[in-house]
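Quick caveat, the model's predicted, so the values are computed rather than measured. All chains are named by letter (A, B, ...) in the order of the sequence lines, taking the proteins before the strands, and each is independently numbered beginning at 1.
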Amino acid sequence: MALLTASRPHRGSRLGRTVSLSVAGVYFLVPLLCALAFTVGIGDARQTPSLGAYAAIFTTDGLAQSLGLSLVLAGATIVLVFGLLLPALLTVRLAAPRAKAVVAVVCMLPLVVPAVALGAGITTVLRWATDWLYDSPGFPLLAALQEPGFPVILVLAYTLMALPLAYTTLEAGLNAIDVKVLVEAARSCRASWFRTLFLVVLPNLREALLNTAFLTIALVIGEYAVSALLGFQPFAVWTVAISGSHAQLSVAVSLAGLIGTWLILLAVAKSGRSKAPKEKP
Amino acid sequence: MTASTLAPRPVSAGTAGATLEFRGLRRSFGATTALDGLDLSLEPGELLALLGPSGCGKTTALRMVAGFETPDAGHVLLDGADVTATPAHRRDVGMVFQSYSLFPHLSAADNVAFGMRMRGVPAARRRDRAQELLELVGLPTHGGRYPRQLSGGQQQRVALARALALEPRVLLLDEPLSALDAKVRQSLREEIRRLQLELGITTLFVTHDQEEALSMADRVAVMRDGRLEQCATPEELYNSPATPFVAGFVGTMNRLPGTLGADGARVEVLGTGRPVHGSLPGGRRTGAVDVLIRPEALSVGADPNGTALLVASSFLGATTRLTIRLDGGRTVLADVPSAGASTLPLGARVRLGLPERPVLIDQARNEETSA
Ligand SMILES: Nc1ncnc2c1ncn2[C@@H]1O[C@H](COP(=O)(O)OP(=O)(O)OP(=O)(O)O)[C@@H](O)[C@H]1O
Ligand SMILES: [Mg+2]
């Protein structure tokens with residue numbers, strides 16, 4: 001249809017776009033469709049197709065627990081990332097512009113450390129610390145770091161891993177507004193520092209904050225290497241763990257997770273837009 | 001009240017304004033000295049323009065009143081009280097910024113009401129007052145719009161309304177018109193002045209546009225390298241600048257070659273003697289100097305034996321600007337009534353005349369062009 005209505009000079013580019021979109025679509029959709037077929041038992045002569053794997057998601061042991069752990073960890077990671085980055089980035093803009101390069105390097109550094117190396121490094125440090133701190137007052141603290149119900153050590157690792165993404169999205173958000181002028185305008189309107197931050201700066205960073213939060217959730221839910229190496233069982237580790245005994249269930253959970261993620265993404269994009277003022281002619 | 005430099009002010013000041021005083025303000029940024037001992041005072045209800053070239057410290061001085069910058073030494077006094085250490089949000093000053101500074105996530109009305117919200121004014125009262133202020137700045141129907149739906153001029157009007165919302169003791173304007181095009185700038189300039197007079201609010205207006213300063217202000221303070229060069233009414237500044245810098249910065253100034261007499265009190269220029277006004281910077285007593293004369297002060301007459309040549313003329317309406325080359329090689333400008341100018345053909349030899357007044361002199365600058 002689009003091809004038929006396209007005006008002549010555009011036909012070539014329209015065609016090119018259609019082809020490239022189709023190729024990309026096939027590239028993304030074929031594996032997903034195969035996964036879907038696998039989970040419902042299509043193409044397997046020994047099975048009658050059913051949604052059993054999806055129904056089992058709600059009854060299998062450990063899912064709620066592992067997903068819950070991942071979400072709690074994601075929440076804590078988001079809090080820590082914002083708690084570290086927002087003050088640092090705002091200070092750079094308002095008071096110490098010369099520190100900008102240092103902050104950028106520190107935030108981007110985790111990109112060059114592979115997750116496996118990070119996991120191995122943390123394991124080594126923990127073992128070493130256990131030897132050193134055994135029988136000392138520091139030991140309970142070390143144990144608390146690795147408490148399986150809420151492993152703080154994972155929050156620290158995830159924060160490190162989320163830093164480059166969070167830095168990039170927040171910087172983009174800050175670049176879109178003139179923080180210094182907005183802060184000064186708010187201050188000259190009698191706003192205290194606290195109100196300046198919460199009533200002026202953060203509302204104008206709304207989209208960047210949402211994007212950062214969403215990316216962090218996605219990263220934490222999908223993270224496998226570090227959690228597995230440290231011996232915890234959040235969502236991704238659990239999914240892999242059950243794939244031996246419940247292969248269909250494992251893939252079904254991943255698919256459901258993917259769709260859930262997309263839905264969150266859409267919701268974030270929509271809420272970011274709905275608050276923006278509508279253009280008047 | 002503090003004693004201040006008294007200059008005649010033709011306008012009737014309101015009673016709402018406060019006095020504002022700078023005492024010996026100093027501020028350095030690394031090796032740059034932004035303010036080098038600035039002393040200045042504003043009377044209640046006065047509009048004072050802070051004028052000077054880029055980088056002379058105007059913004060720094062203004063930001064010290066707002067509380068965004070702390071002086072290394074010196075004090076800022078508001079109504080006689082030292083506010084140097086008072087945090088910005090307790091200073092009771094309103095500010096309009098050079099760049100667009102409205103809160104992008106709030107409508108125009110909410111922007112105007114923001115300060116009242118900080119003060120805990122009830123919502124209904126806020127809304128009424130914001131509407132009142134928007135009417136005051138000529139935007140009665142724009143309250144619902146967001147900043148990005150407003151033109152630059154409209155945004156600055158809203159910013160002005162926001163700055164006035166809390167009836168501040170002092171209004172600070174940092175080149176609020178510089179991002180606007182000439183026509184909007186002109187009308188907003190007049191409007192700011194009208195509002196300022198109506199409200200009688202003490203106003204400090206920073207600009208590097210001399211026309212803006214001269215046309216709006218009760219007094220103009222000319223700054224140079226972090227110091228006050230001269231503070232006077234626009235007329236005084238134009239007609240009797242205190243220093244060669246002020247003379248050159250405000251309006252157009254010719255530099256005629258002259259010879260300073262041995263007593264340093266009289267100067268020989270264009271074949272006649274004139275008393276010297278002020279002293280020669282640098283302290284040299286005799287010899288070659290430059291005499292500073294406004295183009296409209298020069299008179300031009302045709303004279304076959306004259307020592308100058310008319311090389312160009314451009315019609316400006318009531319006056320015509322003549323470009324004249326002196327025999328020494330220097331070029332000077334003269335603004336003469338158009339009626340008389342039409343009798344002078346290009347290439348004519350002319351004679352220049354000077355008014356019978358003391359003249360300002362400066363060190364001789366070698367700007368002869370190799371004709
Ligand atoms: N935060 C700062 N850090 C370093 N140097 C600064 C800072 N603020 C001002 N300066 C320097 O101080 C001097 C005075 O600056 P200021 O902004 O007051 O000038 P200005 O008169 O407002 O100039 P303009 O007309 O260009 O706005 C300049 O040399 C400037 O580079
Ligand atoms: Mg400035």
Side-chain angles (χ1 to χ4, degrees), chain A residues 86 90-101 170-212 268-281, chain B residues 29-30 59 62-63 65-69 86-108 110-121 141-142 144-150 155 158-159 161-168 170-174:
Chain A
L86 281 176
L90 290 176
T91 309
V92 162
R93 261 149 218 270
L94 296 176
R98 269 184 267 170
K100 184 170 176 147
L170 285 179
E171 267 290 302
L174 285 166
N175 282 337
I177 57 176
D178 190 338
V179 185
K180 199 174 164 106
V181 167
L182 290 186
V183 164
E184 287 178 356
R187 300 276 293 151
S188 75
C189 285
R190 323 292 193 272
S192 62
W193 278 111
F194 182 83
R195 288 173 147 195
T196 300
L197 182 66
F198 284 93
L199 296 180
V200 174
V201 178
L202 294 187
N204 283 302
L205 287 177
R206 195 163 160 275
E207 224 164 310
L209 294 173
L210 279 173
N211 283 339
T212 309
V268 168
K270 195 150 190 301
S271 72
R273 219 174 304 131
S274 67
K275 195 70 190 285
K278 307 210 167 30
E279 287 299 341
K280 278 185 199 164
Chain B
F29 299 99
T59 298
L62 191 88
R63 290 167 56 83
V65 184
F68 302 141
E69 201 76 71
T86 311
H89 67 291
R90 303 238 172 82
R91 289 224 178 167
D92 205 12
V93 300
M95 181 152 174
V96 179
F97 297 80
Q98 178 170 8
S99 52
Y100 301 130
S101 64
L102 294 183
F103 307 128
H105 67 301
L106 297 179
S107 67
D110 286 342
N111 262 284
V112 176
F114 185 84
M116 292 183 265
R117 196 169 137 207
M118 297 301 102
R119 279 274 177 87
V121 176
T141 60
H142 292 65
R145 296 226 191 159
Y146 283 82
R148 65 194 188 88
Q149 299 168 324
L150 297 169
Q155 288 191 46
V158 175
R162 182 177 67 180
L164 292 171
L166 290 176
E167 293 170 0
V170 171
L171 179 64
L172 305 173
L173 306 162
D174 189 2

*Which one, A/Val181, A/Asn204, A/Leu199, leads in non-hydrogen pairs under 4.5 Å with chain B?*
A/Asn204

*In this structure, are over 12 heavy atoms from other groups packed under 6.0 Å from B/Phe29 atom CZ?*
yes

*Check: B/Arg91 side chain, A/Ser188 main-chain N or O, donor-acceptor pair, under 3.5 Å*: no

*Considering only heavy atoms and a distance below 4.5 Å, find which of B/Phe114, B/Phe97, B/Phe68 pairs most often with chain A.*
B/Phe68

_Non-hydrogen side-chain atoms of A/Leu209 and A/Leu86 separated by less than 4.5 Å_ = yes

*A/Arg195 versus chain B, heavy atoms under 4.5 Å apart: side chain, backbone, both or neither?*
side chain

*Which portion of B/Leu106 sits near chain A, non-hydrogen atoms under 4.5 angstrom*: neither

*Pairwise side-chain contact, A/Ser192 with B/Met118, heavy-atom cut-off 4.5 Å (strictly under)*: no

*asked:* What part of B/Arg117 gets within 4.5 angstrom of chain A, counting heavy atoms only: side chain, backbone, both, or neither?
replied: both

*Proximal component of B/Phe103, with respect to chain A [non-hydrogen, under 4.5 Å]*: both

_Minimum side-chain heavy-atom gap A/Leu90-A/Val183 below 4.5 Å_ = no

_Which atoms of B/Ala88 approach chain A - backbone, side chain, both or neither, heavy atom under 4.5 Å_ = both

*Among B/Gln98, B/Arg63, B/Arg90, single out the residue with the greatest number of heavy-atom pairs under 4.5 Å to chain A.*
B/Arg63

_Within the structure provided, determine whether A/Val201 and A/Leu182 are in side-chain contact (heavy-atom separation under 4.5 Å)._
no

